[in-house]
Novice: 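Below are the C-alpha cells for one structure; questions will follow.
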Amino acid sequence: MSVLQASVGVKGKNLEDDVQTVQSLLKSKGYDPGPVDGVCGPDTIAAIRTFQATFLARPDGLIEPGRKTWVRLSSSGGASTTPDLTQWSGDSAKWTQEKKLQSLHPELRPKVVAVLRALEQRGFQPKIYYGWRSVAVQLQLYFQGNSKVKFSFHNAQKPNGTPNSYAADIIDSRFGWSPGAEQSGFWKALGEEAKARNLTWGGDWVSFRDWAHVQLVPNSELARVKQESGL
Ligand SMILES: [Zn+2]
C-alpha cells in the first residue's frame with residue numbers, strides 16, 4: 001500500500017517522494033503523467049485531472065491524503081492486474097459516463113474530456129453515448145444499417161480483452177441525433193472542438209456523415225488497430 005505524506009497537484013505541497021508515488025500510480029493505471037521524476041509539471045497535472053474526470057464532475061487537479069482521489073488512486077486495479085472482464089459486459093451505451101471514459105484508449109480519454117469541457121463552456125450539454133462497444137453490438141449496428149463496417153474503432157481492445165476504444169460518440173443530451181442537434185449548432189461545435197485536438201470527426205465524411213463520432217487516428221489505421229486488438 002502506498003503512502004502519501006502531503007498534497008500533490010494544483011497548489012499542492014508536491015514533496016518529491018509524493019509526486020513520484022502519484023506519477024507511478026497514474027502510470028500503472030494507464031495514464032500519462034510524463035517521466036516519473038518527482039516533479040509535478042503540466043503533464044502530471046493533466047494526468048491527475050484526466051484520472052479525476054472518470055469519477056468527479058469537476059476535476060481540481062489536487063490529490064490530498066485520505067481524500068477521494070487518493071483513495072481511488074491507491075486502490076488496486078492497475079493495468080498489471082488480471083482484468084475483470086465481467087465488468088465490461090452488458091449494453092455499453094447504458095454505462096455511466098465514468099465507465100465510458102474508462103473504456104477509451106488512454107490517449108483518447110484526455111482529449112474527449114477536453115472536448116466535453118469546451119462544449120459545456122459553449123452552453124451545450126454533451127454526453128458520451130458510446131465509448132467502447134463489443135463486436136456483437138457492432139455487427140448488430142452493421143446489419144441494421146447504422147454502421148458501414150463490421151469492425152470499427154469503437155471495438156478496439158487490449159490483447160487481454162479489455163476495452164481500448166479509439167472512438168467516442170458524443171451527443172447533446174437534450175437532442176441526441178434529432179434535428180435540434182444541427183439547429184443548435186451542436187454538431188458544428190463538436191467538429192470544431194474535436195479537430196482542434198487533432199481528432200478525426202465523422203461529420204466530415206461525405207459518404208456517411210457520422211455527426212457524433214470522433215476518433216483518435218485516421219481511417220487508414222483501421223486494419224492496424226484491428227490487428228493490435230487481436231481481432
Ligand atoms: Zn462512432
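Counting convention: from 1, in listed order, for ligands and their atoms alike.
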Novice: When you measure from the centre of the six-membered ring of Phe124, is the NZ or CZ of Arg122 closer than 6.0 Å and no more than 45° off the axis?
Specialist: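 Negative - Arg122 is either too far from the ring of Phe124 or too far off its axis.
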
Novice: Does Lys226 make a cation-pi contact with Phe153, if we ask for NZ or CZ under 6.0 Å from the ring centre and within 45° of the axis?
Specialist: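 The answer is no; the distance or angle limit is not met.
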
Novice: Below 6.0 angstrom between ring centroids: does that apply to Trp177 and Tyr129?
Specialist: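 Yes, ring centres under 6.0 Å apart.
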
Novice: Would Lys99 count as a cation-pi partner of Trp88, with NZ or CZ less than 6.0 Å from the six-membered ring centre and within 45° of the ring normal?
Specialist: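 Yes.
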
Novice: Tell me, which N, O or S atom in His213 is closest to the Zn ion (ligand 1)?
Specialist: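 Of all N, O or S atoms belonging to His213, ND1 is the one nearest the Zn ion (ligand 1).
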
Novice: The Zn ion (ligand 1) is nearest to which N, O or S atom of His154?
Specialist: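 In His154, the N, O or S atom with the shortest distance to the Zn ion (ligand 1) is NE2.
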
Novice: Is there an N/O/S atom in Asp169 that lies less than 2.8 Å from the Zn ion (ligand 1)?
Specialist: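 It does; at least one qualifying atom falls short of 2.8 Å.
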
